Amino acid sequence: MDKQFCQSCGMPLSDVNKGTNADGSQNKDFCIYCYKEGRFTQDFSMSQMIEFCLQFTDQINKETGWNLTPVQAKEQMLQYFPQLKRWREKDKRTLAEKATNLLSQCENVTVVSIDEEGYPRPVQMSKIQTRGFNEIWMATSSTSVKVNDFRKNNKAGLCYDHYGDGVSMRGIVEIITNDAIRKGMWQEWFIHHFPSGATDPNYVLLHFTGTEATFWINGEFAHERIC
């Protein structure tokens, strides 16, 4: 009998590690790590799946007796994965739709302000809310260095990535102090930073709007202006 492999990650399949369908029955195509209860466990592109699998290179070598470097393992996956059932069908979503999905996978983004000397100042921040792929809201202190930067120069950069796919943008930042908006975006964990709650005068929101984007998603590269 021919050996079966997961049609998502390439793992050898057995009765022990097969995924499950919505009705609880075993799925014949995918492993339990990729497919459970009738749906994929991770909304990856093929390139993201490859990057995810690469972290298990040592384990793969141990189980197979191979001695692949991460570079060699990646080359093999790039050749093999397009033949798997999950990746044979072309993803017909637009880049904007793929980027929106990518952003939904990211807890944090990197925001770049411009300091007084004209140098970029990158800082990682938690995203609070998003719209599409190019509008992101973040919470911060009104006295922070980055807020001071944006008060003087609202031009900004922002990027996010997840397992090898990424989007980089440049645009502008609006500092939001409106009480209704601040209350609407308040999250309980903010209390550790703003003891007075949603009306704390030190609590402000940064609203980034991208006007130009560079995409690298599933091996596809593009640079576009955003209308």
Side-chain angles (χ1 to χ4, degrees), residues 7-10 30 34-35 39-55 57 70-115 118-138 146 149-150 153-174 205-227:
Q7 295 298 299
S8 172
C9 71
F30 304 110
C34 291
Y35 199 79
R39 60 190 301 177
F40 289 111
T41 56
Q42 294 167 313
D43 191 9
F44 279 166
S45 67
M46 189 186 77
S47 63
Q48 285 180 300
M49 180 59 77
I50 289 173
E51 293 298 326
F52 177 78
C53 291
L54 282 174
Q55 65 186 309
T57 300
V71 172
Q72 291 170 327
K74 185 172 185 176
E75 284 300 316
Q76 285 199 9
M77 291 178 193
L78 285 169
Q79 294 296 317
Y80 178 56
F81 274 42
Q83 304 172 41
L84 299 177
K85 182 177 179 179
R86 185 177 182 183
W87 314 118
R88 282 200 299 264
E89 186 173 343
K90 182 176 174 58
D91 188 340
K92 296 179 181 179
R93 294 175 299 174
T94 66
L95 264 179
E97 290 170 332
K98 294 175 186 177
T100 299
N101 181 66
L102 177 64
L103 180 57
S104 73
Q105 299 174 35
C106 303
E107 293 185 8
N108 302 315
V109 298
T110 298
V111 185
V112 183
S113 60
I114 306 298
D115 69 15
Y119 287 98
R121 190 197 308 273
V123 62
Q124 191 174 79
M125 298 185 70
S126 298
K127 70 174 191 188
I128 304 306
Q129 189 166 308
T130 64
R131 181 184 296 139
F133 71 89
N134 70 310
E135 282 192 71
I136 298 99
W137 286 261
M138 300 144 283
K146 57 185 169 290
D149 285 344
F150 288 131
N153 184 348
N154 70 346
K155 293 179 180 178
L158 185 144
C159 61
Y160 51 89
D161 67 278
H162 190 61
Y163 283 113
D165 285 355
V167 176
S168 300
M169 294 180 286
R170 61 179 183 178
I172 58 172
V173 161
E174 176 188 7
L205 296 164
L206 299 181
H207 174 207
F208 173 87
T209 303
T211 57
E212 193 171 322
T214 299
F215 305 90
W216 176 256
I217 298 179
N218 205 28
E220 184 177 358
F221 175 85
H223 182 78
E224 297 180 5
R225 291 196 63 84
I226 306 167
C227 299

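For clarity, every value in this text was computed on a predicted model and none was experimentally measured.
Between Met138 and Ser126, the shortest heavy-atom contact is CG-O, 3.5 Å. The nearest pair of heavy atoms linking Asp149 to Asp115 is OD1-CA, 3.7 Å. In terms of heavy atoms, Asp165 sits closest to Asn218 at OD1-N, 2.9 Å. Between Ala222 and Leu95, the shortest heavy-atom contact is CB-CD1, 3.4 Å. Annotation for Gly210 and Met169: closest pair CA-SD, 4.2 Å, computed over non-hydrogen atoms. Nearest heavy atoms, Gln79 versus Gln83: O-NE2, 3.2 Å.
Rounding to the nearest 0.5 Å places CE of Met46 at 13.5 Å from SG of Cys9. Between Leu158 atom CG and Ile172 atom CD1 the span is 13.0 Å, to the nearest 0.5 Å. A distance of 11.5 Å separates CG of Leu206 from CD1 of Ile136, quoted to the nearest 0.5 Å. Taking CD from Gln105 and OH from Tyr160, the interatomic distance works out to 10.5 Å, rounded to the nearest 0.5 Å. To the nearest 0.5 Å, atoms CG (Asn154) and OG1 (Thr209) are separated by 10.0 Å. Here the straight-line distance linking atom CH2 of Trp216 with atom OG of Ser47 works out to 8.0 Å at 0.5 Å rounding.
Donor-acceptor pairing under 3.5 Å is recorded for the side chains of Asn101 and Asp43.
Side chains of Glu51 and Lys74 form a contact here, defined as non-hydrogen atoms less than 4.5 Å apart. Taking 4.5 Å as the limit, some side-chain heavy atom of Ser8 sits within range of a side-chain heavy atom of Met49. With contacts defined as side-chain heavy-atom distances shorter than 4.5 Å, the pair Tyr163/Ile50 does not qualify. Two residues are said to be in side-chain contact when any heavy atoms from C-beta on lie closer than 4.5 Å; Phe133 and Ile226 meet this criterion. For the pair Glu220/Phe215, no side-chain contact is recorded, criterion being any heavy-atom separation below 4.5 Å from C-beta on. For the pair His207/Val173, no side-chain contact is recorded, criterion being any heavy-atom separation below 4.5 Å from C-beta on.
Taking the centre and axis of the six-membered ring of Phe30, the NZ or CZ atom of Arg86 falls outside the cone set by 45° and 6.0 Å.
Here the side chain of Lys127 pairs a donor or acceptor atom with the backbone of Cys106 at under 3.5 angstrom. Not a single donor-acceptor pair under 3.5 Å links the side chain of Lys98 to the backbone N or O of Lys92. Side-chain atoms of Thr214 do not come within 3.5 Å of backbone N or O of Glu224 as any donor-acceptor pair.
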Given side chain to side chain contact (heavy atoms under 4.5 Å, CB included), test Val167 with Ile217 step by step and report yes or no. CA-CA 8 Å; Val167 176; Ile217 298 179; 4.2 Å; yes

What's the verdict on side chain to side chain contact (heavy atoms under 4.5 Å, CB included) for Leu103 and Val109, showing C-alpha distance, side-chain angles and the deciding distance? CA-CA 9 Å; Leu103 180 57; Val109 298; 4.1 Å; yes

So Met77 and Cys53, side chain to side chain contact (heavy atoms under 4.5 Å, CB included) or not? Walk me through it. CA-CA 9 Å; Met77 291 178 193; Cys53 291; 3.8 Å; yes

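Other residues, nucleotides and ligands place more than 12 heavy atoms under 6.0 Å from the CZ atom of Arg121. Other residues, nucleotides and ligands contribute more than 12 heavy atoms inside 6.0 Å of the CZ atom of Arg93. Counting heavy-atom neighbours within 6.0 Å of Arg88 CZ, excluding the residue itself, gives a total above 12. Around atom CD of Gln55, more than 12 heavy atoms belonging to other residues, nucleotides or ligands sit under 6.0 Å away.
Ring pair His162/Phe44 is tilted by interplanar angle, where 30° to 60° counts as tilted.
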